[in-house]
Protein chains: 2
Amino acid sequence: MASMRDVAEAAGVSVATVSHVLRGTKRVTPAVGARVRAAAEALGYVPNGQASALRTGRTGVLGVALPDLANPLFPALLQAVEAAARAAGFLVMLHDTGNDLALEREALGRLVALRVDGIVWVPAHDQGGTRLVRTAGCPGTGARREPPLPDVPLVALDRPVADRDAVFSDHVSGGTLVATHLKALGVRRVALLHGASSVTSSRARRRGFLAEWDPLTPVWEAQSGFGPELPGAVVRRLRGGGFDAVACANDAVAVAVIRTLERDGVRVPRDVSVVGFDDVPLARLVSPPLTTVRQPLGAIGAAAVRLLVERMADRARAARQVVLPVELVVRGSTEAKHVAKESVGQSVTARAEERSRSA
Amino acid sequence: MASMRDVAEAAGVSVATVSHVLRGTKRVTPAVGARVRAAAEALGYVPNGQASALRTGRTGVLGVALPDLANPLFPALLQAVEAAARAAGFLVMLHDTGNDLALEREALGRLVALRVDGIVWVPAHDQGGTRLVRTAGCPGTGARREPPLPDVPLVALDRPVADRDAVFSDHVSGGTLVATHLKALGVRRVALLHGASSVTSSRARRRGFLAEWDPLTPVWEAQSGFGPELPGAVVRRLRGGGFDAVACANDAVAVAVIRTLERDGVRVPRDVSVVGFDDVPLARLVSPPLTTVRQPLGAIGAAAVRLLVERMADRARAARQVVLPVELVVRGSTEAKHVAKESVGQSVTARAEERSRSA
DNA sequence: GGCTTACGGTTAAACGTTTTACCGACGTCG
DNA sequence: CGACGTCGGTAAAACGTTTAACCGTAAGCC
């Protein structure tokens, strides 16, 4: 592949001049500029990013490490991050960590080795984040002491990492929004299906929900994970019935719940309302369309890149955390109980959908 | 960040020795080996990928350029490619081209500039692929003559690119499978919703379908695109009715069709059967679960990486094309017409699902 | 005309690796 | 005892850029 030296020879100038022309770092005679450009074009010259990165210390690449692309939230999030990164002039390097701590460590290691300018990281487990960044391993146990992550600009998404920048959705008020909505619908008995309890956001949503919910009303809680397969215990309990609404860990779980209920002849939302979380594209496509809490993916991506850029400018700056507002999107999977149904349910749906579109 | 030179000084050896120890390229005294490794660990040394890439000419990175992450097929495909790449020791660099030809060109350019070892590319439009790779532009029109893509190992997915390796699903037999299935169900009048006609795979499916379909039976055809929003003309025509089945460009379109039909009181599959394409995760979650044609994503990813590796070994090798078999997955959105419904429809569903799981 | 300045361009030193060639010491063998 | 191969380690060149320092020439100024 043609190098700068080849271009220089073809144009009859020095490599320095070629560099200056191509990057516009110095004024040159129009004639020389034209000669150089012509030569570069003729040879199909493509600057070697490796070499210039080595020299300048900047690669123009952001690394992204995600737990699982199969969860539809993450492609959407990735797209948002990629768009923000591109707007800021960065390419994106992707690593799917498959929810595996070892893979996650390796992923971060490779990103650092490639000297990416910054890392956007959704840790698989939230304890894991901090452990991976700090010096880890149990001294004295003989376990190999894992080295800490070098001081690379890094922003954690949705999970806290000690002493690092982070961006969160406001899961607490997400939980509160769900509780408020269900209360307004006249729901009395509710089932909460949480994701993994090790995930901060799950706990935050629960906190937000319970803060708003009448403390005297019984609430049934269980772990459902984040995948479309419900644990057997949850399925059995859903069959048991006895609740007016189910609030789910995410949209995939909500869809699974709806299918399970319908298979048993329970009608959604007439008999039981179901609320999801995330508002993935799927949510508006299923039947009934999901009432859910929308995460501000675009804002998350933009904030993440912004934090990284700020940190590149000032490595010593104190860690900053950004919390972004979420939004309840009312669709067809929830409906008023014990009160005039059509009017309330429908009008709320229409209004909310309208607003979210114009936003 | 600590460099090799720092490690060498700390260990009291030369940089060459450090390199040899860390890469195991030469035998060293156990004592020296231990000293070097200890120093590296103590300093938190991470080799500089840029530098070694510059020296060796290999980056260990594969570039991936996709049209649109919002289409759920592509995250799934990306995951497959990433898994295959990782298995072969490569990292993946992602670029979402947003179905935009200019962005696509820029994406490929940046990947080349970063000297990725290979590129996996799903061209947005299939004429675009070839045009981008060859020298383009219209000489004489004054349009800036776009330079051809340098000779980087590159594999095109699902769209042909002149003189390059490529991997396809067997869309022709995909179309045939759909036709055969619908015929067996007793469907007489069918609507075909195609994606963009500029996409090779769409044309191939149509060809496969019509080859199997009774040429005397009228077929209604229209372009629906690939997104979840149906064009107005298609919606109006669907409302008109008059067919027993709709074969769709992909699963998202199929879901949109089902919703549209149901809104008009048409029951799926009882009144009309609907068939999707791709078998994205969404397909089994919607109601009714989609009968669709599964693309062998894992095999596609593996084949793509394999082709790239082969070409790295032999740059002059002739371009090779790999066509991979697809599979009909029968679920609940299709049902037999004019014959005993429950028995045929259900048993076929059960059998097919069983087989696809054990596979 | 001699002085300074600005301009257009070049030289050469980095950046952090990998790798070839080399070198001294040591053991072996004739 | 001398020649020789082997072993462990090092010196130095190279990869393709960027950029600070430098240098001749021509223009500007008194």
Side-chain angles (χ1 to χ4, degrees), chain A residues 1-37 39-40 43-61 109-117 150 152, chain B residues 1-40 43-61 89 109-117 150 152:
Chain A
M1 202 171 291
S3 80
M4 214 163 185
R5 179 203 199 94
D6 302 323
V7 177
E9 286 176 6
V13 296
S14 72
V15 286
T17 302
V18 175
S19 177
H20 283 134
V21 169
L22 263 30
R23 313 193 0 131
T25 44
K26 208 171 184 184
R27 290 180 53 90
V28 293
T29 304
V32 170
R35 266 208 333 269
V36 167
R37 258 179 279 270
L43 294 174
Y45 171 69
V46 179
N48 185 324
Q50 305 290 340
S52 82
L54 178 59
R55 178 62 227 251
T56 63
R58 333 198 68 245
T59 54
V61 174
R110 295 197 67 169
L111 292 177
V112 171
L114 283 170
R115 296 298 191 271
V116 294
D117 290 335
V152 172
Chain B
M1 203 170 292
S3 78
M4 216 163 182
R5 179 202 197 95
D6 303 321
V7 176
E9 285 175 6
V13 297
S14 72
V15 286
T17 303
V18 175
S19 177
H20 284 133
V21 168
L22 264 31
R23 312 192 3 127
T25 43
K26 208 171 183 184
R27 290 179 53 88
V28 292
T29 304
V32 170
R35 270 212 324 273
V36 168
R37 258 177 280 270
L43 293 174
Y45 170 69
V46 179
N48 185 324
Q50 307 288 342
S52 81
L54 178 57
R55 179 60 226 250
T56 63
R58 334 198 69 243
T59 55
V61 174
R110 295 197 65 170
L111 292 178
V112 171
L114 282 170
R115 298 295 192 271
V116 295
D117 290 334
V152 172

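Numbers restart at 1 for each chain; the letters A, B, ... are given by sequence-line order, proteins then strands.
Sorted by residue number, the members of residues 23-39 of chain B with any non-hydrogen atom under 4.0 Å from DNA chain C read B/R23, B/K26. Listed by residue number, the members of residues 9-21 of chain B with any heavy atom below 4.0 angstrom from DNA chain C are B/A16, B/S19, B/H20.
Rounded to whole Å, atom P of D/dT17 lies 11 Å from atom CD of A/Q50. Rounded to an integer number of Å, the gap from CE of A/M4 to C1' of D/dT19 is 11 Å. If you take CG of A/D6 and C1' of D/dG16, they are 10 Å apart, rounded to a whole angstrom.
Applying the side-chain contact (heavy atoms from CB on, under 4.5 Å) rule to B/A2 yields the partners B/D6, B/L43; only residues at least two apart in sequence or on another chain are considered. Taking the side chain to side chain donor-acceptor pair (under 3.5 Å) definition, one finds that B/D117 meets it with B/T59, sequence neighbours left out. In this view, B/R5 and B/E9 satisfy the salt bridge (Lys or Arg N to Asp or Glu O under 4.0 Å) rule, not counting sequence neighbours. With sequence neighbours excluded, the residues satisfying side-chain contact (heavy atoms from CB on, under 4.5 Å) with A/A113 are B/V46.
A pairwise comparison of heavy atoms in A/G33 and A/V21 identifies O-CG1, 4.1 Å as the closest pair. Scanning all heavy atoms of the two residues, the minimum distance from B/Q50 to A/A53 falls at OE1-CB, 3.5 Å. Heavy atoms only, all atoms of each residue included: B/V7 and B/V36 are closest at CG1-O, 4.0 Å.
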Before giving the answer on side chain to side chain contact (heavy atoms under 4.5 Å, CB included), spell out for A/L114 and A/V61 the whole-Å C-alpha distance, their side-chain angles and the decisive distance to 0.1 Å. CA-CA 9 Å; A/L114 283 170; A/V61 174; over 6 Å; no
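Applying the side-chain hydrogen bond (donor to acceptor under 3.5 Å, both in side chains) test to every pair with at least one member in residues 17-32 of chain B, sequence neighbours left out, gives these pairs: B/S14-B/T17.
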Could you list, one pair per line, each protein nitrogen or oxygen that sits under 3.5 Å from a nitrogen or oxygen of nucleotides 13-15 of chain C, together with the distance?
| residue | atom | partner | partner atom | Å |
| --- | --- | --- | --- | --- |
| C/dA14 | N3 | A/R55 | NH1 | 3.2 |

